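Structure record follows, encoded as structure tokens.
Hydrogens, waters and symmetry mates play no part in the numbers below; they use all other heavy atoms, side chains included. Being a predicted model, the structure only gives us computed values, none of them experimental.
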Amino acid sequence: MKIVTKQFQRIANILAERVAELLCAAVLVVDDGGNAIAQTPHNTLYPSFPTAIPLIRIPIQIANDTGEVIIAKTAEGENISPRLAQMLVEMIVNQTVAVAQLPAQHELKNKFIHDLLSGAIINETDILRQGQILGMDFTRPRAVILIDAADYILPSISNHEINDKWIWQRAQHIINSIVSFFHLPNDTICAYIGNGEVAVLKASSTQDLVLWANSEDEYNPSWANLVALKRAGSALISRLTSDTKTAISIGIGRHHPGIQGLAKSYQDACAAVSLGRRFQGKNKVHCLDELGIAAFIGIADENTKIDLAKHLLSPLEQEKDLIKTLDAFFLENCCPSSTAKQLSIHRNTLSYRLEKITSLTGLDPRKFDEAMQIRLALLLGCLGDNSGQLCKGTMPKAS
């Protein structure tokens, strides 16, 4: 007996059931060798089907498999139109094949989010329309939280066969944990985007982050609610590591305005998690503004570097004396005595100013790594000025 494909067997079963139901007739489906593949039960509609004289024989072809649908007399002995029967069989076959070729809802959603974040979709109207079809709201401001769960979704287990079903089940477990954590499914858009990574498009307005925001938090418009997002990320990673019992890394992307800003937020998150894993390890939440010198060295995009520099120094925007102090401090090779002399101030006054800089920015110019961050931020911030010229006092002192 010829072995039929799973697709042919499945469609044969559907044909036997639906044609019998619609025509109230006994139905038999055979392969090209005349072997029965599917049929109506003998104890319904037409008990004597195996010995009945078939009224209608309709050939079918599904991919490379061929066969026939055989329709016997109806239970009431009514005549069946051969043309109607043929049209019905063709319709059922075409519908079944078409539905089988449609990707599942989650696959459509995952591909759409992947294309959106990679910048493959740029028409805002198309994004809104497709998002609405898939049940996603892109009218709210959002930022990307990127979860690297490769150790859980793509484990290197030699004695276990890793297939698409396994990967999807693992990815779905991560997504279920995320949705449960944030409590509001409509507020959090999640998608598995491959390589063991799940992207979360988190609504990032203040009201959407109220559980993780403090009243004293101050937000730079370019880095809106980043503090609250990092707090949410820290709580989320605790949940995920507990649920999966494996190492998880999270990258936080800042909010960028507009729907296309999601691709930029994703780039921020990608850079953060990639550099963070390398320099700070796994089981951590990584963000560009907490990667230190590595962020300035590892980020390729100059505009992102300039934005990061301005963000780090934003607390000093209204502190001209402190900027002047930093310029002098670096020009004098971080020597307190010569810096105080250059500024014509007492060393205690200089110490007070350096302490205030540390308090405002979280970076201590008296520590090498943090001094390097401030120094690079000053240079990059000046490159971002409209004039395109370096700020006065930021160039090294001539020997």
Heavy atoms from other residues, nucleotides or ligands near [atom1] of [X] exceed 12 (cutoff 6.0 Å):
| X | atom1 | result |
| --- | --- | --- |
| Q61 | CD | yes |
| H173 | NE2 | yes |
| M87 | CE | no |
| N195 | CG | no |
| Q132 | CD | no |

When you look at I323 and E319, which way does the side-chain contact (heavy atoms from CB on, under 4.5 Å) test go after all the steps?
CA-CA 7 Å; I323 294 291; E319 304 285 347; 5.7 Å; no
Should [X] and [Y] count as side-chain neighbours, where that means a heavy-atom distance under 4.5 Å?
| X | Y | result |
| --- | --- | --- |
| L201 | L262 | yes |
| Q342 | L331 | no |
| Q267 | D301 | no |
| R140 | D137 | yes |
| H286 | I250 | no |
| I153 | Y192 | yes |
| I145 | F182 | yes |
| I62 | Q7 | yes |

Main chain of [Y], side chain of [X]: is a donor-acceptor contact present, judged purely on distance under 3.5 Å?
| X | Y | result |
| --- | --- | --- |
| T349 | I345 | no |
| S344 | A340 | no |
| D31 | G33 | yes |
| S242 | S238 | no |
| N110 | I193 | no |
| T361 | I357 | yes |

Electrostatic pair [X]-[Y], nearest N-O below 4.0 angstrom:
| X | Y | answer |
| --- | --- | --- |
| E317 | K310 | no |
| D126 | R129 | yes |
| K264 | D307 | no |
| D151 | K282 | yes |

Determine whether D289 and K230 satisfy the following criterion, salt bridge (charged side-chain N to carboxylate O under 4.0 Å, His left out), listing intermediate values before the conclusion.
CA-CA 11 Å; D289 66 337; K230 286 188 282 190; 3.0 Å; yes
Could you walk me through whether F330 and L378 satisfy the side-chain contact (heavy atoms from CB on, under 4.5 Å) test, starting with their C-alpha distance in whole Å, then the side-chain angles of each, then the deciding distance to 0.1 Å, before giving a yes or no?
CA-CA 11 Å; F330 292 131; L378 285 169; 3.8 Å; yes
Where do I259 and L128 land on the side-chain contact (heavy atoms from CB on, under 4.5 Å) test, with the steps shown first?
CA-CA 9 Å; I259 296 176; L128 287 171; 3.5 Å; yes
Which pairs would a plain distance check flag for residues 362-374, meaning a side-chain donor or acceptor within less than 3.5 Å of a matching protein atom at least two apart in sequence or in another chain?
unit_1: D364; atom_1: OD1; unit_2: R366; atom_2: N; d: 2.9
unit_1: D364; atom_1: OD1; unit_2: R366; atom_2: NE; d: 3.0
unit_1: R366; atom_1: NH1; unit_2: E355; atom_2: OE2; d: 3.3
unit_1: R366; atom_1: NH2; unit_2: E355; atom_2: OE2; d: 3.0
unit_1: E370; atom_1: OE1; unit_2: D364; atom_2: N; d: 2.5

Considering the options I178, L236, L229, I189, which one meets the side-chain contact (heavy atoms from CB on, under 4.5 Å) requirement together with K202?
L229
Calculate, to the nearest 0.5 Å, the distance between atoms [atom1] and [atom2] belonging to [X] and [Y] respectively.
| X | Y | atom1 | atom2 | result |
| --- | --- | --- | --- | --- |
| H255 | D268 | NE2 | CG | 12.0 Å |
| D115 | Q130 | CG | CD | 8.5 Å |
| I297 | L291 | CD1 | CG | 11.5 Å |
| L312 | F296 | CG | CZ | 5.0 Å |
| L313 | L360 | CG | CG | 11.0 Å |
| I58 | L15 | CD1 | CG | 9.0 Å |

Does [X] share a hydrophobic cluster with [Y], counting links as ILVMFWY side-chain heavy atoms below 4.5 Å and allowing steps through other members?
| X | Y | value |
| --- | --- | --- |
| M136 | L108 | yes |
| L84 | V69 | no |
| V179 | L211 | yes |
| I11 | L22 | yes |
| L134 | W168 | no |

Taking every non-hydrogen atom, the tightest pair across [X] and [Y]:
| X | Y | value |
| --- | --- | --- |
| T40 | A25 | CG2-O, 4.2 Å |
| D243 | S177 | OD2-OG, 2.9 Å |
| I71 | A85 | CD1-CB, 3.7 Å |
| V144 | S265 | N-OG, 2.8 Å |
| T241 | T246 | CG2-O, 3.7 Å |
| S249 | V273 | CB-CG2, 3.9 Å |

[X] and [Y]: side-chain donor and acceptor closer than 3.5 Å?
| X | Y | value |
| --- | --- | --- |
| S204 | R142 | no |
| E90 | N94 | no |
| E17 | N13 | no |

Could you go through F112 and I121, starting from their C-alpha distance and side-chain angles, then the distance that decides it, and tell me whether this counts as side-chain contact (heavy atoms from CB on, under 4.5 Å)?
CA-CA 9 Å; F112 173 68; I121 309 175; 3.6 Å; yes
Taking the six-membered ring of Y152, is NZ or CZ of R170 closer than 6.0 Å to its centre and within 45° of its axis?
yes
Partner set under side chain to side chain donor-acceptor pair (under 3.5 Å) for S81, not counting sequence neighbours
none
Could you go through the side-chain hydrogen bond (donor to acceptor under 3.5 Å, both in side chains) check for E332 and S338 one step at a time?
CA-CA 6 Å; E332 295 297 329; S338 59; 3.3 Å; yes
Return the set of residues passing salt bridge (Lys or Arg N to Asp or Glu O under 4.0 Å) with E124 (not counting sequence neighbours), or none when no residue passes.
none
